[in-house]
> 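Sharing a structure here in structure tokens format.
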Amino acid sequence: MAQSEVMLLKTFTHYFLHLIFPVFIALIFYRKNWKKVYLILLATMLVDLDHLFANPIFDPSRNSIGFHFLHSYYAIAVYILMLFFKGNIRIIAIGLLFHMLTDFQDFTLWSH
């Protein structure tokens, strides 16, 4: 597979996991309120605002996990603790942890 095809597949996978896959999470686990849950899961994308404090803002060879403060291991520990709450806090935790998993796979599983 050519490098340009790999990068296209990586980009597609990244945005699919960030934007489309949360629909399935919402439908499977929160069928009754799936639209609200999906919007909450999408709102957790705001965690990427911490990229604005980096120089450069985007570096394809940089791993977000452990670099940006909202992507730090301490923050991830807080997101895990949030799973023990009920309601929207748990949904936010699921969204944030899935976001971290997506960023982790984006850097770890693909050549960069």
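Values in this document were obtained by computation on a predicted structure and should not be read as measured data.
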> Just to verify, what does Leu39 make a side-chain contact (heavy atoms from CB on, under 4.5 Å) with, not counting sequence neighbours?
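By the side-chain contact (heavy atoms from CB on, under 4.5 Å) rule, Leu39 matches no residue at all.
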> Measure across Tyr38 and Leu19 and return the closest heavy-atom pair with its distance rounded to 0.1 Å.
OH-O, 2.6 Å
> Got a sec, which residues hit side-chain contact (heavy atoms from CB on, under 4.5 Å) with Thr102, two or more places apart in sequence or on another chain?
His14, Leu17, His18, Phe98, Gln105
> Looking at residues at least two apart in the chain, or sitting in another chain, which of them share a side-chain contact (heavy atoms from CB on, under 4.5 Å) with Ala2?
Ser4, Glu5
> Measure the CD1-NZ distance between Ile40 and Lys35 for me, rounded to the nearest 0.5 Å.
14.5 Å
> Sequence neighbours excluded, which residues qualify as side-chain contact (heavy atoms from CB on, under 4.5 Å) partners of Ile80?
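Residues passing side-chain contact (heavy atoms from CB on, under 4.5 Å) with Ile80: Ile76, Leu97.
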> Examine Phe69 and Val47 and state if one hydrophobic cluster contains both, with Ile, Leu, Val, Met, Phe, Trp and Tyr joined whenever side-chain heavy atoms are less than 4.5 Å apart.
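Yes, Phe69 and Val47 fall within the same hydrophobic cluster.
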> The criterion is side chain to side chain donor-acceptor pair (under 3.5 Å); which residues satisfy it with Lys36, sequence neighbours excluded?
Asn88
> Tell me, do Ser64 and Met100 make a side-chain contact under 4.5 Å, heavy atoms counted?
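Not touching, per the 4.5 Å side-chain cut-off.
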> Decide whether Phe104 and Phe16 are clustered together by the hydrophobic rule: side chain heavy atoms of Ile, Leu, Val, Met, Phe, Trp, Tyr closer than 4.5 Å, transitively.
yes
> Sequence neighbours excluded and cut-off under 3.5 Å, please list the side-chain donor-acceptor pairs for residues 23-34, or say none.
none

> What's the spacing between Leu41 CG and Ile92 CD1 if we round to 0.5 Å?
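The distance works out to 9.5 Å.
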> Determine, using the 4.5 Å side-chain heavy-atom cutoff (strictly less than), whether Val78 and Leu83 are members of one ILVMFWY cluster.
yes
> What's the shortest heavy-atom distance between Lys10 and Asp106, and which atoms?
CE-OD1, 3.2 Å
> Would you mind listing the cluster partners of Leu49? Hydrophobic ones only (ILVMFWY), side-chain contacts under 4.5 Å, chaining allowed.
Leu46, Leu52, Ile57
> Residues in ring pair (Phe, Tyr, Trp, His ring centres under 6.0 Å) with Phe58, at least two apart?
none
> Scan for ring-ring contact (aromatic ring centres under 6.0 Å, His included) pairs involving residues 72-96, sequence neighbours excluded, and state none if there are none.
none
> May I ask whether Leu70 and Ile89 are part of the same hydrophobic cluster, defined by side-chain heavy atoms of I, L, V, M, F, W, Y residues being less than 4.5 angstrom apart, directly or through others?
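Yes, same cluster.
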> Which residue pairs pass the side chain to side chain donor-acceptor pair (under 3.5 Å) test when at least one of the two sits in residues 48-57, sequence neighbours left out?
Asp48-His51, Asp48-His71, Asp48-His99, Asp50-His71, His51-His68
> Restricting to non-hydrogen atoms, name the atom on Ala93 and the atom on Met82 that form the minimum distance, rounded to 0.1 Å.
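Answer, listing the atom of Ala93 first, then Met82: CB-CB, 3.5 Å.
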